Structures are given as structure tokens and as C-alpha cells.
Amino acid sequence: RLAGRFSVSIQNRGRRENQTGRFALAERPSWRRLDLLTPLGGILVRIEETPQGAFLWRSLSEAPAKSSNLDKLLLTTLGFTVPVAELSHLAWGGPDAPDVLQSGGWNARILSRTAAGNPQRLRFERAAGADGSPAVSLTLFIEHQEAESHV
């Protein structure tokens, strides 16, 4: 499990939208859930990826949007993808995580590490796409990281 703060800037057709909040990422071998939360802890979006497909909730009281894969779902519902797999790869890489990663159209960098060498502040950037997808800059600050025990 990872938890912390995020800030995102989305540049689309001359308009810039900024959002800040908190995030929580939980994973198991065949399941991943990312919650984007308001600064006070209310859920903005919940994203789940399972062997049955990908799901996105804008409200937990409504049925989720569904798709066969996460990127397709995010493009359809948000108009851009979120680098969930890249975040997981860098954040769980520990002291051996690469400082720079390029994957899925995203350029990711570890901006700072904890005293133990684990990634702490990360930036993910993606340029505007020829398909009209917006430019996105996402910065994460990991405040809490714990491995789930499997007893």
C-alpha cells in the first residue's frame, strides 16, 4: 500500500486545469486499486484493475464505468491515461528503482528519495498527443508505504 499527496496539471487546447489531493494505491498480484481523494479525504475517483477488466467510479453510490483494460477505460472516461503501472513500478522499486523511466507515453522521474533510498517524490509527464489527448504533469509525494503481509 502507498499513500500520499498528488498535484496534477492538465493542459488542453489552451486551458490549464490544476488539481491537488491525496492518493492511496493498494496492490496484490492480480488486483490494483487507486483512489484519488480530495484534500479532506473524499473520493474523487476510484480505479480498479482486475483479471475481469478495469473499473472506474466517480461516485461509490453509482455503477462503475467498465472496460477490458485500464488505458482504454481512462481514455474513454477521462480523456487521458493515468500512469498507474509506471507508478507501481517506480514506487515499489526501492533503492534500486531507476531515477528515470519512459513507458506508455509517460516520462517518469524520481525527484527525491527517503533516507533509506526509497522513492519519495515522483513526477510523471506526458506531452499532448496527436489524438487530442492533453499534456499532463503529475507529481506524487509518498508519505506512507507498507508491504502487506501474507500470513
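Everything numeric here is computed off the predicted structure, so don't read it as measured data.
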Seminar exercise, completed: In terms of heavy-atom contacts, Arg113 and Gly117 come closest through NH1-O, 2.7 Å
Seminar exercise, completed: Heavy-atom nearest pair, Pro119 first then Ala97, reads CG-CB, 4.0 Å
For this session: For residues 57-66, pull every pair meeting salt bridge (charged side-chain N to carboxylate O under 4.0 Å, His left out), keeping only residues two or more places apart or in separate chains.
Result: none
Problem set entry | Set of residues satisfying side chain to side chain contact (heavy atoms under 4.5 Å, CB included) with respect to Ala115, sequence neighbours excluded | none
Exercise. Atom OG1 of Thr20 and atom CG of Leu37: how far apart are they, to the nearest 0.5 Å?
Worked result: 11.5 Å
Problem set entry | Partner residues of Arg32 under the side chain to side chain donor-acceptor pair (under 3.5 Å) criterion, sequence neighbours left out | Glu27, Glu49
Exercise. Measuring from Ile142:CD1 to Phe23:CZ, what's the distance to the nearest 0.5 Å?
Worked result: 5.0 Å
For this session: With the side chain counted from C-beta on, respond yes when Arg109 and Glu125 share a heavy-atom pair under 4.5 Å apart, and no when they do not.
Result: yes
Exercise. Looking at Val136, Asn107, Thr139, Leu138, which one forms a side-chain contact (heavy atoms from CB on, under 4.5 Å) with Phe124?
Worked result: Leu138
Exercise. If you round to the nearest 0.5 Å, how far is CG of Leu73 from CG of Leu78?
Worked result: 7.5 Å
Problem set entry | In one Ile/Leu/Val/Met/Phe/Trp/Tyr side-chain cluster, 4.5 Å: Ile43, Trp57 | yes
For this session: Indicate yes or no for a side-chain donor-acceptor contact from Asn69 to the backbone of Asp71 under 3.5 Å, with no hydrogens or angles considered.
Result: yes
Seminar exercise, completed: Here the pair of heavy atoms bringing Arg22 nearest to Pro39 is CD-O, 3.8 Å
Problem set entry | Student check: side-chain heavy atoms of Leu101 and Glu86 closer than 4.5 Å | yes
Problem set entry | Contacts of Gln11 that satisfy side chain to side chain donor-acceptor pair (under 3.5 Å) - sequence neighbours left out | Arg16
Exercise. Does some side-chain heavy atom of Ile10 sit less than 4.5 Å from a side-chain heavy atom of Gln19?
Worked result: no
Exercise. Are Phe141 and Val82 linked, directly or through other ILVMFWY residues, by side chains that come within less than 4.5 angstrom of each other?
Worked result: no
Seminar exercise, completed: Here the gap from Leu44 atom CG to Ser59 atom OG, rounded to the nearest 0.5 Å, amounts to 11.5 Å
Problem set entry | Least distance between heavy atoms, Ser30 atom then Pro51 atom | O-CD, 3.0 Å
Problem set entry | From CZ (Arg121) to CD1 (Ile110), nearest 0.5 Å | 12.0 Å
For this session: Spell out, yes or no, whether Phe6 and Leu34 are grouped together once hydrophobic residues are joined by side-chain heavy atoms under 4.5 Å, including indirect joins.
Result: yes
Problem set entry | Nearest-0.5 Å distance that lies between atom CZ in Arg123 and atom OG in Ser112 | 10.5 Å
For this session: Could you name each residue pair satisfying side chain to side chain donor-acceptor pair (under 3.5 Å) that touches residues 75-84, not counting sequence neighbours?
Result: Thr81-Trp106, Thr81-Arg126
For this session: Tell me whether Leu2 is reachable from Val8 by hopping between hydrophobic residues (I, L, V, M, F, W, Y) whose side-chain heavy atoms are closer than 4.5 Å.
Result: yes
Exercise. Tell me the salt bridge (charged side-chain N to carboxylate O under 4.0 Å, His left out) pairs involving residues 4-14, sequence neighbours left out?
Worked result: Arg5-Glu143
